Amino acid sequence: MKRFLTIRRLSFIFFSLFAVTLAGVFILQRFWVDPGDRCTAKGYWYDLETRICAQPIYIPDITGRPAGTTRAEASNKANQELLVLEDQVNAQKRARAAATEAERERVNALRSQ
């Protein structure tokens, strides 16, 4: 009677599975892990799921506020600038209204003569 799982066949199955597993580990290392290491070495971010190497964006470049400034501080500074501008506009409106009123009084004085 011949047996199916002899030592020779078992060793062949074991080494075949070992070779396939080893090849899988090398493929994983080569195509998923190594690109991530190269990407992080350049200072970029690597997404393992999509295998995308992306350059991080510096937040002050997007927002325009100085580095080290919180959102609240930048908002308060912008609000202060807006208040100064509003005060300037209101002063111009008052000056224009006063000039208009003075011109009306001058015209009315000329008419009454």
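Owing to the predicted nature of the structure, the values given are computational and were not obtained by experimental measurement.
- At most 12 heavy atoms of other shown residues, nucleotides or ligands fall within 6.0 angstrom of atom CD1 in Ile57.
- Using a 4.5 Å cut-off between side-chain heavy atoms of Ile, Leu, Val, Met, Phe, Trp and Tyr, with links allowed through other members, Phe12 and Leu22 fall into different hydrophobic clusters.
- The hydrophobic clustering, which links ILVMFWY residues whose side-chain heavy atoms are closer than 4.5 Å, places Phe26 and Phe18 together.
- The two atoms that bring Gly68 and Glu73 nearest to each other are O-OE1, 4.2 Å, heavy atoms only.
- Leu17 and Phe14 are members of different hydrophobic clusters when ILVMFWY side chains are connected at heavy-atom separations under 4.5 Å.
- Here the side chains of Trp45 and Cys53 are not in contact, with every heavy-atom distance at 4.5 Å or above.
- Heavy atoms only, all atoms of each residue included: Ser11 and Arg8 are closest at OG-O, 2.8 Å.
- The shortest heavy-atom contact between Tyr46 and Phe31 is OH-O, 4.2 Å.
- In this structure the side chain of Arg65 never reaches within 4.5 angstrom of the side chain of Thr70, judged on heavy atoms.
- Expressed to the nearest 0.5 Å, how far CD of Gln55 lies from NZ of Lys42 amounts to 10.0 Å.
- In terms of hydrophobic clustering, with Ile, Leu, Val, Met, Phe, Trp and Tyr side chains grouped at heavy-atom distances under 4.5 Å, Phe4 and Leu10 are assigned to a common cluster.
- The minimum heavy-atom distance linking Arg51 with Trp32 is given by the pair CD-NE1, 3.1 Å.
- More than 12 heavy atoms of other residues, nucleotides or ligands sit less than 6.0 Å from atom CG of Leu110.
- Atom OH in Tyr44 sits 15.0 Å away from atom CD1 in Ile52 (nearest 0.5 Å).
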Show me the donor-acceptor pairs within less than 3.5 Å that the side chains of residues 76-98 make with the rest of the protein, sequence neighbours left out.
from, atom 1, to, atom 2, distance (Å)
Asn76, ND2, Ala72, O, 3.4
Asn79, ND2, Ser75, O, 3.3
Asn90, ND2, Glu86, O, 3.3

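- Considering all non-hydrogen atoms of both residues, Cys39 and Ala54 come closest at SG-N, 4.4 Å.
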